[in-house]
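Every number for a ligand or one of its atoms is a count from 1 in the order of the listing. We number each residue from 1, following the sequence as shown. Because the structure is predicted, anything quoted here is derived from the model rather than measured.
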Amino acid sequence: MSQQVAIICTDIKEAVLRAVGNHPSSDIFILTDDNTLNFCYPLIGDLSCLKEAHLITIPSGDENKNIDSVVKIWRYLSENGANRKSLMINLGGGMVTDIGGFVASTFKRGIDYINISTTLLGAVDAASGGKTGINFLGYKNEIGVFNLPRAVLIYTDFFKTLDIENIRSGFAEMIKHALIYSKEEWQKVSTFDLEKVNFDVLRTLVESSIHIKEWVVKQDPTEQNVRKVLNLGHTFGHAFETFSYRFNRPVLHGYAVMWGLLCELYLSHMKFGFPQEYLLKLKNLTKAYYGMFSFNCKDYEVLYELMTHDKKNESEDINFTLLSDIGDFQINQTASKEEIFEVLDFYLSL
Ligand code: GLY
């Protein structure tokens, strides 16, 4: 697996031309969902290098990140002459880049693919790092492989079409990256105005955020050890997210991550003395921009149960990544049921 470096571009046409121009094949398959077909594809569709490209469109929504969509794309590739040298371009958010990466990684034992992320969440998380996959039997990302894209292109002007909730959702992963990396990064990210977004500033923050992710992935591409740091906030976060779907009040992934970060920094404080001042700042950010997830103490058992089923667990214990301080992470940590309930008590007290 070679290491790719995401390209943050100001001219998407030129970036695609460069990325595709470097590829030995002119046999190109572009995957979009119905939204990116309408709003993003027109920005690159008239490029001469894409004139002959095949277009494959799947319905948007995470519920379509499934084996039926995979079969549909595999079938299209087979019936339209795709070969080992073909190139796939995945144009979309995390759903499109996850499934497109998976299809490309498995078709004829693997063809090259490029991700062009059209959402902030996708740009700072799913598009980079080579995790590909689909949901299966109700489990998220149950089937998949690690396989890095040939290139990742990020065009931040796409983000101007997102609503503020989707900007904040993506930004939560950037807050996570800052927390695992350095106080300097935290300072920049935690003072960013999520009320009136300055897209030029956002662009520079996205750039450093992706570099943090790449710095982690480079050390441990298949998540044997240090890559687990990227799971910070995600043990509680996934429980909140699944809970929200189970009880029919779905929340965006990044919102659940933000609430998860708050819980896991409190757990970090309990177990490793993580400084209170940062915890307080995170609480203020959460309340100002994300609101709080509503549940009560009768829900603790369900939330705990969801955490015991987290696929990050390697034994009976629930696995956490915690912090002693910003930039000072502790992977493979566990917590007792009492400690987890204490964290939930803390959350409800805010
Ligand atoms: N989303 C976390 C990772 O890519 O490892």
Side-chain angles (χ1 to χ4, degrees), residues 1-6 62 65 90 92-102 104-105 113 115 117 119-135 139-152 154 166 168-181 185 189 206-242 251-261 264 307 310-314 318-323 329-333:
M1 227 198 258
S2 65
Q3 184 63 29
Q4 108 282 331
V5 176
D62 204 61
K65 202 176 88 175
N90 304 316
M95 181 266 185
V96 169
T97 58
D98 279 2
I99 195 170
F102 178 67
S105 305
Y113 72 99
N115 286 338
S117 182
T119 65
L120 180 60
L121 182 66
V124 294
D125 193 18
S128 303
K131 277 188 181 174
T132 74
I134 55 167
N135 306 328
Y139 298 105
K140 276 179 78 72
N141 303 321
E142 180 77 348
I143 309 290
V145 297
F146 286 101
N147 181 31
L148 286 169
R150 187 181 166 91
V152 178
I154 312 291
N166 275 288
R168 289 176 183 169
S169 178
F171 202 82
E173 293 284 355
M174 295 167 64
I175 291 174
K176 178 196 78 179
H177 288 160
L179 284 165
I180 63 175
Y181 192 63
E185 193 64 22
V189 165
V206 165
E207 191 155 11
S208 46
S209 198
I210 293 173
H211 288 160
I212 295 169
K213 174 150 186 187
E214 287 180 340
W215 165 75
V216 173
V217 171
K218 192 173 179 177
Q219 298 171 64
D220 177 23
T222 58
E223 200 171 300
Q224 303 303 308
N225 45 69
V226 76
R227 186 167 179 166
K228 292 180 188 175
V229 70
L230 298 175
N231 296 331
L232 179 69
H234 282 65
T235 305
F236 276 92
H238 277 154
F240 290 140
E241 193 175 7
T242 311
V251 297
L252 293 174
H253 175 73
Y255 280 60
V257 169
M258 201 61 189
W259 301 320
L261 284 172
E264 291 174 27
M307 281 183 230
D310 195 305
K311 69 165 152 322
K312 299 189 293 295
N313 302 336
E314 287 168 5
I318 301 173
N319 191 289
F320 291 95
T321 292
L322 300 178
L323 299 179
F329 49 82
Q330 313 286 336
I331 60 170
N332 292 329
Q333 297 304 314

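The immediate protein surroundings of ligand 1, defined as residues with any heavy atom under 4.0 Å of it, consist of D125, K131, K213, E223, R227, L230.
In this view, F171 and F192 satisfy the ring pair (Phe, Tyr, Trp, His ring centres under 6.0 Å) rule, not counting sequence neighbours. For E264, there are no salt bridge (Lys or Arg N to Asp or Glu O under 4.0 Å) partners at least two apart in sequence or on another chain. Taking the ring pair (Phe, Tyr, Trp, His ring centres under 6.0 Å) definition, one finds that H177 meets it with nothing, sequence neighbours left out.
When only modelled atom types and interatomic distance are considered, N147 and S105 share a side-chain donor-acceptor pair under 3.5 Å.
Note: H253 and H234 have tilted aromatic rings, judged against thresholds of 30 and 60 degrees for the angle between ring planes.
Between K213 and E173, no side-chain nitrogen of the basic residue sits less than 4.0 Å from a carboxylate oxygen of the acidic one, so the salt-bridge criterion is not met.
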